[in-house]
Structure formats: C-alpha cells, structure tokens
Q: 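A single structure is presented below for examination.
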Amino acid sequence: MTRSHVLGQRQPMLDIARFLGMICVFYAYIAEQFMILGDSSARLTYQGLSSFVLSFFIILAGYVAPPTIMELSPKVFGARIVRLRLFPYAVLSLILLVLSVLFTGAYGQSSIQGYMYGIFATVCGRPVFNVPIWFLALLVATECFHYCVGRLLTTTTRLLVVMIVFYCEGYWFNAAIQFIFQTYHWNVNFWFLSVVPMMYSFYLFGILLRQKGYLDKYMSPRNIGIAMGACFLGLVLLAGWNAEPWQLLPGVMFLAGGTSNIIVVALSALLGSAFLFLGAKLWETCPWAEWMGRHALILLGCNGLFYHYIYPPLAKWSIESLGTSWWTTAIVCLLATVLSFAVTIPVSYGLTRVFSKHVPSYVMPPVS
C-alpha cells in the first residue's frame, strides 16, 4: 500500500486516467449516433469503446474505494451514499428535466404522462432525462452490494473466487434474461441490479489492483509504449466480436445486460482498462488533465446535454452533408469531443463552486 493510499491523498495518475476515460465516453456517445444512422465506420469504433469504458470506471471505483468502508455504520454509510452519489444524480437529472420542458431533445418526453414516467424511471435508477448518468445509478447499487458482501472478503483467495463466480453468474444471468427493453410488464430493473453481479467482479478487480500495488510499479516509457500498443492491437482484433445478443445496438450494451462472448467481454475490459492506466502513467503529470479528471462527474452529467440535444442532429447533418467516409466521421467525432470538453470547462468550474460542500472531494473537489 502506497503512502498516498494511507493518507488518502489524490494520485495525479488516477485523475489523468479518469480524464482519458471521459474522452472515450464522449467519443463513444457521438460515434453511437453515427452508428444508429447506419455509418459502418462508426460501428467498429463504438464496438471497441463500449467493450471497456464502463468496466474501466467500475475498476477505478473499486481501486479508490476506502478500505474502511465496511467499518461504517449503516446510517453513516447511507448518508455517504446520499451525499456522494444520490445528490449529484438528482441534481444532474433535474437540470436536464427542466431543460426538456423548454426544449424537447432526442429521447425526451413530450407529454404529462411521459414526464410522470420519466420521473418514476429516474427514481427507480433509470435516468431517462440524462441517460449518461446511468453509471451513477449502477455505482450506487454496486457500492451498496460491496458494503454488504465486502466484509467477508478478508483474503485474496476469497476475493478472487468471488470475483470469478460473480462474473460468470452475472454473464449467464443477463444472457438468459433481457431486463431493460423487455416486453413482459412485471419486470422493473431497479437501479440496474441485474447488472451488478458482473460489474461487482470488475469492482473487486480494482480492489485487487490497489491491494497488490500493481499501478504503483515503475515501468519505463519504452515498456509502457509497447504494452499500450499490444493492448490497442488486442482491442482492435476483438472489437468485431463485441456485439450484444439482443440486437439493440451492434456493440456491448452493459446498460441492458447485453454482452458478447464470456471470454471476449472480460479480455476487452481488461485490455481497454490497462490501455488507459498505462496512458496515464506515460503522461505522468499534467495539471489541466488532472483538473478535468477531478471533475469527471460533472463532465459525465454535461455529456447528457450533448447526448440528448447536440449529437443526434450533428450526426444527421454530417452524414447528409459530408457522407460516411471513415475519415470524415472520425474528424467530426473528434472535433465534437474537443468542443464538448471546451463547453464543459466553465460549467464544471461553476458547478464545483456551488456544490463543493455536497459532492465527493475525490470526484469534484472544492476549487481554491
């Protein structure tokens, strides 16, 4: 265990890794819109990114989770979840709900019944007004699950066994039953509980990384570059295999429990996560990237604005005006990602100043 872990200090490398992960999130969401409209070049990109982005953030959440979390009383733990998770979830949902009253965006509501359904779904952990923050809902369920189960994982052997068992159980469970876009009326996927077993295995993997100190080990820039090249090649080779079975989207769709081959899913998640962690180690220190990583929660919330209002018409315009060649799609997606971050910076600064007393310091710290 490193000194930074003992003292609870921030690790710049983790903030940079978080920022790199958010770049992938923004790019994946804009690529998704191109893919929905039939752009085949965006399809492979989306398949590659969707195969590891969520898993990476769950692994990272496990890595930074306080080892003493199980020592908290249920009341204190519940208050922590409300302050650090549910409060941002509610605020980011409310902002987009109010905005949807003024401007109807993609996937928006347009009637009283629609808004009632949207509010009910949001309370149940399905944030239809701000879809990208569904990660927060999943994280709430995962952390609550860990609070109940994690106290039993007192040895590395137990942790490894539980990690493997829950991964396999979660995979087969979601492969057998489709929970999100189901046709049977009796099922409500409350706070993505159906996805928790598989995601908990990645959460435990993050805890294992912290316990063993793997991310703290020194690697020369040359070896990091070689390892990143190997990870990238592996992701490219596996991308075409990552397609969920429900044919909702041609890629891994963890939101709906849609995954591909049991080995390919795990391998893609680990390769992609390793690529981002290695990239952060290679970058070492960069104040502005660290700042962006510290504000990842606001970045995720603001991405809902782009996801609902900007990306769909942008993708449609690009395909109609510029065509679907791979290089035009790549340039538009890249520019949209850069501009999205540029717009988000002042928003992040403002919201951090307002909510600095209510949100987690390791995600959105007070601005000095």
Side-chain angles (χ1 to χ4, degrees), residues 1-28 31 44-45 47-65 202-203 205-239 242 264 266-296 299-300 326-327 330-331 333-335 337-338 340-342 344-345 348 362-363 365:
M1 184 174 294
T2 64
R3 183 175 177 80
S4 61
H5 293 151
V6 173
L7 299 180
Q9 299 173 349
R10 296 190 68 92
Q11 291 182 280
M13 186 272 288
L14 296 181
D15 287 327
I16 294 176
R18 191 178 286 111
F19 170 58
L20 295 177
M22 288 308 303
I23 293 177
C24 294
V25 169
F26 275 64
Y27 197 100
L44 186 63
T45 302
Q47 285 179 305
L49 292 173
S50 66
S51 67
F52 71 85
V53 170
L54 174 65
S55 305
F56 162 75
F57 279 104
I58 293 294
I59 290 172
L60 186 57
Y63 188 90
V64 302
F202 291 116
Y203 190 88
F205 184 76
I207 293 177
L208 181 66
L209 289 180
R210 183 192 68 223
Q211 291 179 348
K212 300 302 180 181
Y214 291 134
L215 297 185
D216 301 316
K217 297 182 183 300
Y218 172 78
M219 290 182 65
S220 67
R222 177 178 178 273
N223 289 339
I224 291 177
I226 294 174
M228 289 183 68
C231 291
F232 182 78
L233 178 61
L235 287 171
V236 171
L237 294 176
L238 293 173
N242 281 298
V264 173
L267 190 56
S268 297
L270 297 182
L271 287 174
S273 299
F275 181 83
L276 295 178
F277 283 127
L278 289 168
K281 289 179 73 70
L282 185 63
W283 206 342
E284 292 186 350
T285 58
C286 179
W288 67 268
E290 294 170 26
W291 189 90
M292 297 292 281
R294 289 196 299 269
H295 296 75
L299 295 178
L300 181 66
W326 69 268
W327 62 272
I331 290 175
C333 289
L334 182 60
L335 289 176
T337 300
V338 172
S340 297
F341 276 107
T344 303
I345 290 175
S348 298
Y362 57 84
V363 177

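Only a predicted model underlies this, so the values are computations on that prediction, with no experimental measurement involved.
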Q: If I compare all heavy atoms of Ala239 with all of Gln47, which pair ends up nearest, and what's the gap?
A: O-CB, 3.4 Å

Q: What's the shortest heavy-atom distance between Phe202 and Ser55, and which atoms?
A: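 Of all heavy-atom pairs spanning Phe202 and Ser55, the closest is CE1-OG, 3.7 Å.
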
Q: Nearest 0.5 Å, what's the CD1-CG distance between Ile226 and Leu278?
A: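 These two atoms lie 11.5 Å from each other.
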
Q: Which atom names give the shortest non-hydrogen contact between Leu20 and Ala280, and what distance separates them?
A: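 Shortest heavy-atom contact: CD1-N, 3.7 Å.
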
Q: Locate the shortest heavy-atom distance separating Leu14 from Phe277; write the atom from each residue and the value.
A: CD2-CE2, 4.3 Å

Q: Between CD1 of Ile224 and CH2 of Trp283, what distance do you get to the nearest 0.5 Å?
A: 14.0 Å

Q: Determine whether the aromatic ring centres of residues Phe341 and Phe19 are separated by less than 6.0 angstrom.
A: yes

Q: Can you tell if the side chain of Gln11 reaches within under 4.5 Å of the side chain of Asp216, non-hydrogen atoms only?
A: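 Gln11 vs Asp216: side chains touch.
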
Q: State which residues pass side chain to side chain donor-acceptor pair (under 3.5 Å) with Trp327; sequence neighbours excluded, sorted by chain then number.
A: Ser325

Q: Testing the basics here: between Ala31 and Thr45, what is the closest heavy-atom pair and its distance to 0.1 Å?
A: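 Reported closest heavy-atom pair: CB-CG2, 4.5 Å.
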
Q: Are Leu44 and Trp326 side-chain neighbours, meaning at least one heavy-atom pair lies under 4.5 Å?
A: no

Q: Could you go through Met228 and Phe232, starting from their C-alpha distance and side-chain angles, then the distance that decides it, and tell me whether this counts as side chain to side chain contact (heavy atoms under 4.5 Å, CB included)?
A: CA-CA 6 Å; Met228 289 183 68; Phe232 182 78; over 6 Å; no

Q: For residues Ile16 and Cys286, report the shortest heavy-atom separation together with the two atoms involved.
A: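 That would be CD1-N, 3.8 Å.
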
Q: Calculate, to the nearest 0.5 Å, the distance between atoms NZ and CE belonging to Lys281 and Met219 respectively.
A: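 The NZ atom of Lys281 sits 7.5 Å away from the CE atom of Met219.
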
Q: Is it true that a side-chain atom of Ser51 and a backbone atom of Gly48 form a donor plus acceptor pair closer than 3.5 Å?
A: yes

Q: Check Phe275, Phe205, Phe52 against Leu270 for a side chain to side chain contact (heavy atoms under 4.5 Å, CB included) and give me the one that passes.
A: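 So the option named by the test is Phe205.
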
Q: Determine, step by step, whether Ile345 and Met292 satisfy the side chain to side chain contact (heavy atoms under 4.5 Å, CB included) criterion, reporting the C-alpha distance in whole Å, the side-chain angles of both residues, the deciding distance to 0.1 Å, and the verdict.
A: CA-CA 8 Å; Ile345 290 175; Met292 297 292 281; 3.7 Å; yes

Q: Measuring from atom CG of Leu276 to atom SG of Cys231, what distance do you get when rounded to the nearest 0.5 angstrom?
A: 9.5 Å

Q: How many angstroms lie between atom CE of Met13 and atom CZ of Arg18, to the nearest 0.5 angstrom?
A: 10.5 Å

Q: Measure the spacing between CG of Leu237 and OG of Ser268 and express it to the nearest 0.5 Å.
A: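 Taking CG in Leu237 and OG in Ser268, the distance rounds to 10.0 Å.
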
